[in-house]
Amino acid sequence: MTERDEALVVEGFVAPGFEPVRDALQGALDRGDDLGAGFCAILGGEVIVDIWGGLADREGARVWDAQTLVPIFSTTKGIAALVIAVAIDRSGGAVSYDTPVADIWPAFGAAGKDRITIGEALSHQAGLPGFPAAIDPELWLDPPALAEALAALPPQWEPGTAHGYHPLTWGYIAGELARRIDGRSLGTILREVFCAPLDIDFAIGLPDHEHGRVASIERPKALPNMGPLNAHKRTAFLTKWAAPKRGGAAWRRIEIPSANGHGTAKSVAQLYGLYANGGQWEGSALIGEATFAALTEQRTIGEDLVLPFATAFAAGVMRNNLRLYGPGTKTLAHSGWGGSMALGDPDIGLSAAYVMNRQSHHLQGDPRARRLVDTLYGCL
């Protein structure tokens, strides 16, 4: 057996009774659905599945192992939402999800945005899915400057009357909120409150010395189905300036809380475990009960002005009303560009995450992730 063949054999830990989950990931590698991937599930605080396999680059020079990091794109949003919740919780009542953004970020109140609350902004109701007029795409790599430009924009719909997914701009709003509430950057709060003390291998803003661990990404071979186009979809996704160049050192290094979190399947499942356990980590509350309830309450549901399907959002994380993330409607979850996914199911105390480097064109409900999740629940 060659080294490449050995790389295609799934490794890691599977608790008795959950072997079909390993078989599901093995099947994805055997069929070529995945190049390299990892999947982890944690139930009641115990890891029941932590597996990986395949290749960390397109050339076949690097094997995917337990230490391989991969960008999870918009699955990052659910983690960033936890950080904002901690900042709010520790503000001593000075800030809540009902606080207008402009109260702590005055420039954001321009062009009729003065009444948009933090909760509305984080649930994609602010009407700022992108920049209608051209910007230099390099501006995305300068978060303070991008946030300043975003604050000056008029909303594309009346805030609070509808919701439309903010694929990248959400993270710059969240990052500015974190800095103004707490004084630290969102990535710094994540590292100092969650990842360093709890030994979680995840970062928003990846240090240079960790870049060698990052898997390279194979982009989708087909375009997503965006449904009938409108101005909001074009602004969010389809202009030449809708996103920065992704994948380089500068992109990994800066903090984009909507898109460039890097981690392992285990670290992502650990963080989404807070959604499965009421904001608690091993019995200790990281997020107070009232703040956690406000974070996870449903704020929008129905037709999305940007995505081509109905969505339901809490304050930065999706609610499982479409049941794409297992059977529980109380589950909090998010998907990322190309297929990554994570969920926290409070009904049974289960969290799970799928990460990979061969991207698909599915905007949500990637068949690879759904197969793993459905298999996991079938083993319970």
Side-chain angles (χ1 to χ4, degrees), residues 1-57 60 62-73 75 79 199-202 213-218 261-273 276 325-326 331 333-336 338-345 348-360 365-380:
M1 181 179 288
T2 68
E3 184 178 359
R4 183 184 178 94
D5 291 335
E6 290 176 353
L8 295 178
V9 176
V10 171
E11 298 184 46
F13 169 76
V14 178
F18 291 90
E19 293 86 357
V21 181
R22 179 179 56 211
D23 296 342
L25 183 60
Q26 185 67 66
L29 291 170
D30 291 345
R31 290 188 301 272
D33 296 342
D34 276 313
L35 176 63
F39 183 78
C40 182
I42 303 171
L43 179 65
E46 298 294 328
V47 174
I48 54 174
V49 177
D50 184 19
I51 52 178
W52 57 85
L55 300 169
D57 64 8
R62 296 168 53 208
V63 172
W64 191 296
D65 61 27
Q67 304 304 313
T68 299
L69 300 175
V70 65
I72 62 169
F73 298 98
T75 305
I79 295 170
D199 193 25
I200 297 174
D201 192 9
F202 189 88
R213 298 168 56 199
V214 178
S216 60
I217 296 295
E218 184 179 289
H262 288 71
T264 64
K266 182 178 180 180
S267 66
V268 178
Q270 286 174 316
L271 289 163
Y272 272 78
Y325 306 96
T331 294
H334 218 292
S335 297
S340 67
M341 174 282 312
L343 64 86
D345 181 346
I348 57 174
L350 172 73
S351 64
Y354 164 70
V355 301
M356 75 312 128
N357 62 346
R358 173 168 284 162
Q359 294 186 304
S360 78
D366 185 292
R368 298 168 298 178
R370 293 197 69 178
R371 187 178 300 114
L372 285 162
V373 170
D374 289 347
T375 303
L376 173 66
Y377 274 94
C379 294
L380 293 171

| remark: All heavy atoms of Ala353 vs all of Ala269, minimum pair found to be CB-N, 3.6 Å
| task | With sequence neighbours excluded, tell me which residues meet side-chain contact (heavy atoms from CB on, under 4.5 Å) with Ala28. | result | Arg31, Asp33, Asp34
| message | According to side-chain hydrogen bond (donor to acceptor under 3.5 Å, both in side chains), does anything in residues 370-380 pair up with another residue at least two apart or in another chain? List the pairs. | response | Asp345-Tyr377
| note | CZ of Arg368 to CZ of Phe39, rounded to nearest 0.5 Å, is 13.0 Å
| remark: dist Gln270:CD -> Phe202:CZ (nearest 0.5 Å) comes out at 11.5 Å
| field | Contacts of Leu43 that satisfy side-chain contact (heavy atoms from CB on, under 4.5 Å) - sequence neighbours left out | value | Ile48, Leu350, Leu380
| remark: Output for pair (Ile51 CD1, Tyr354 OH), nearest 0.5 Å, gives 11.0 Å
| task | State which residues pass side-chain hydrogen bond (donor to acceptor under 3.5 Å, both in side chains) with Asp50; sequence neighbours excluded, sorted by chain then number. | result | none
| note | The residue among Leu372, Val21, Ile42 that forms side-chain contact (heavy atoms from CB on, under 4.5 Å) with Val49 is Val21
| said: Give me each pair satisfying side-chain hydrogen bond (donor to acceptor under 3.5 Å, both in side chains) with a member in residues 20-29, each pair once, sequence neighbours excluded. | reply: Gln26-Asp30
| task | Apply side-chain hydrogen bond (donor to acceptor under 3.5 Å, both in side chains) to Asp201 and list each qualifying residue two or more places apart in sequence or on a separate chain. | result | Arg213
| Can you check whether Ala37's main-chain N or O pairs, donor with acceptor, with Arg358's side chain at less than 3.5 Å? | no
